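Input: a single structure, listed below in structure tokens.
Note on naming: letters A, B, ... go to the chains in the order of the sequence lines (proteins, then strands), and numbering restarts at 1 for each one. All values below were derived from every heavy atom in this structure, side-chain atoms included, with hydrogens, water molecules and symmetry-related copies excluded. If you're wondering where the values come from, they're calculated on a predicted model, not measured in any experiment.
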Protein chains: 2
Amino acid sequence: MNAKETPAAPEMGLRERKKLRTMETIRREAYRLFAAQGYEATTVDQIADAAEVSPSTFFRYFPTKEDVVLDDDYDDTLAAALRSRPPGEPVIESLRHGLADSLGRQLEADREDLLLRTRLGFTDPALRARSWDEMQRSQDVVAALICERTGRDPGDLDAHCAAAALIAVSTAVVRYWVEHDGKVDLVPLYDRQFAQLAAGLRL
Amino acid sequence: MNAKETPAAPEMGLRERKKLRTMETIRREAYRLFAAQGYEATTVDQIADAAEVSPSTFFRYFPTKEDVVLDDDYDDTLAAALRSRPPGEPVIESLRHGLADSLGRQLEADREDLLLRTRLGFTDPALRARSWDEMQRSQDVVAALICERTGRDPGDLDAHCAAAALIAVSTAVVRYWVEHDGKVDLVPLYDRQFAQLAAGLRL
DNA sequence: TCCCTCATGGGAGTCTACTGTCATTATCCA
DNA sequence: TGGATAATGACAGTAGACTCCCATGAGGGA
């Protein structure tokens with residue numbers, strides 16, 4: 001998921017403001033096309049056309065087509081959110097709050113955009129690899145937190161499995177949210193499913 | 001993961017035996033090259049060369065390069081394994097046995113091959129999308145089983161979250177196995193981690 | 001205002017997955 | 001053994017991602 005671009009600080013010149021605008025336009029048009037036709041079916045030329053730039057310019061802004069859709073710092077956000085929780089708290093609680101916080105903020109800011117991007121991540125084959133990577137990274141962040149708090153060494157299997165379960169559940173919740181067009185409230189869903197996990201999945 | 005090809009039933013003619021052998025050769029050489037240079041870096045021409053066929057022939061056997069690495073029926077196997085368990089059993093138990101069975105069989109048959117393919121699925125960016133899909137399908141199979149056994153409707157979030165957690169844990173276990181070069185015993189790891197899940201991840 | 005820098009467009013070119021066609025060669029069957 | 005059938009190879013061709021290069025024109029500083 002993409003961090004929102006810092007919107008045109010006043011102290012920068014026309015040149016840089018134009019560059020920012022161009023980048024935003026390219027990204028916006030790309031997402032629009034991806035949503036309408038799928039990622040693979042959308043060519044760089046189409047994106048460039050829609051954004052009214054040349055294909056050369058597209059590649060000056062984004063080294064590859066995939067990069068249009070990349071978000072490097074989601075797990076940093078998550079890590080930060082987690083670190084702000086009291087160290088004595090059960091990990092599952094920290095994560096519940098951490099996710100609610102970071103997602104909540106994004107939801108208020110960009111609801112439609114978030115929904116669109118998340119849906120793309122689930123539905124478009126070529127983008128699922130990306131989502132998987134993000135999931136893995138989040139999982140590693142959570143595993144690291146667990147190890148840190150409980151004094152295990154970083155490769156500990158228990159920690160990684162717990163992290164995997166937690167992240168998988170939150171992903172499943174988000175998937176449910178996407179499949180219901182964002183018309184359900186995320187946070188109570190999280191609460192319930194995390195509680196189920198803590199209770200040991202009696203099924 | 002690919003099902004092992006049924007190895008040349010005696011009743012088929014030379015033609016078909018040759019076809020099977022060609023297909024196996026292509027796949028084997030492809031995996032060898034993927035392991036050595038990565039998936040993206042390996043071209044179809046290289047695979048064809050290594051398998052001593054023309055590129056045309058490659059595409060006659062595999063519609064796309066990705067298909068070389070595809071396994072359509074892993075989740076069928078899983079579903080079958082699950083269905084063979086007594087319906088009264090807790091789902092977590094069924095899955096534990098189902099996975100141990102199906103994996104156990106593959107382990108005895110193709111240990112090295114399985115390790116190689118699984119590792120590729122984790123490490124190669126372009127193949128991770130595949131792995132994700134397989135995970136999702138397995139997850140849906142498990143979710144379906146849960147719904148079936150507990151009389152929920154198929155979209156039920158509780159069921160999907162439970163399935164997600166279970167599959168995520170088994171994936172994490174397999175990942176650990178791969179990262180330790182297959183030198184640890186899978187089954188006891190499964191047992192322990194599933195037990196942790198059932199106990200509610202007290203961390 | 002003048003010059004410098006830098007974003008841009010255009011075009012030519014590469015690489016690789018993938019398609020389609022046709023002649024050749026190997027198996028199969030009567 | 002001979003004719004039908006099926007597998008193959010060679011070749012030409014398309015499409016799309018990505019690179020390189022060069023001319024042009026729009027900001028920006030003096």
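- Checked by distance alone, B:Arg17 brings no side-chain donor or acceptor within 3.5 Å of a matching partner on the base of C:dT27.
- Taking side-chain N and O atoms only, A:Lys18 has a distance below 4.0 Å to OP1 or OP2 of D:dG27.
- Closest-nucleotide positions on DNA chain C for B:Phe59 and A:Thr57 were compared, and the one nearer the 5' end corresponds to A:Thr57.
- For the 3.5 Å distance criterion, the side chains of A:Thr22 and A:Thr25 fail to qualify, holding no donor opposite an acceptor.
- Distances shorter than 4.0 Å separate some side-chain N or O of A:Tyr61 from OP1 or OP2 on C:dT8.
- For the pair B:Glu16 CD and D:dA7 P, the interatomic distance rounds to 9 Å; values are reported in whole Å.
- Across all strands, B:Phe58 comes closer than 4.0 Å to no nucleic acid atom at all (heavy-atom distances).
- Other residues, nucleotides and ligands contribute only 12 or fewer heavy atoms inside 6.0 Å of the CD atom of B:Glu52.
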Any N/O pairs under 3.5 Å between the protein and nucleotides 10-13 of chain D? List them or say none.
from   : atom 1 : to      : atom 2 : distance (Å)
D:dA10 : N7     : B:Ser56 : OG     : 3.4

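- Computed from coordinates, the A:Glu40 CD to D:dA15 P distance equals 17 Å when rounded to whole Å.
- The shortest distance between side-chain heavy atoms of A:Arg105 and A:Thr77 does not fall below 4.5 Å.
- Residues A:Leu103 and A:Leu114 form a side-chain contact, since some pair of their non-hydrogen atoms from C-beta on lies under 4.5 Å apart.
- Between B:Trp132 and A:Trp132, the angle of the ring planes goes over 60°, which puts this pair in the perpendicular group of the 30/60° scheme.
- Considering only side-chain atoms of A:Val53, the nucleotide from C:dT27, C:dG9, C:dC6 that sits closest is C:dG9.
- Rounded to whole Å, the distance from NZ on A:Lys65 to P on C:dA17 is 16 Å.
- Here the nucleotide nearest the side chain of A:Arg15, chosen from D:dG28, C:dT8, C:dT27, is D:dG28.
- With hydrogens and angles left out, the side-chain atoms of B:Ser94 and B:Arg149 include a donor and acceptor closer than 3.5 Å.
- Scanning residues 42-49 of chain A for heavy-atom distances under 4.0 Å to DNA chain C yields an empty list.
- For the pair B:Met23 CE and D:dA7 P, the computed distance is 13 Å after rounding to whole Å.
- The C1' atoms of five pairs define one axis at each end of the helix from C:dT5-D:dA26 to C:dA30-D:dT1, and these two axes lie 10° apart (to 10°).
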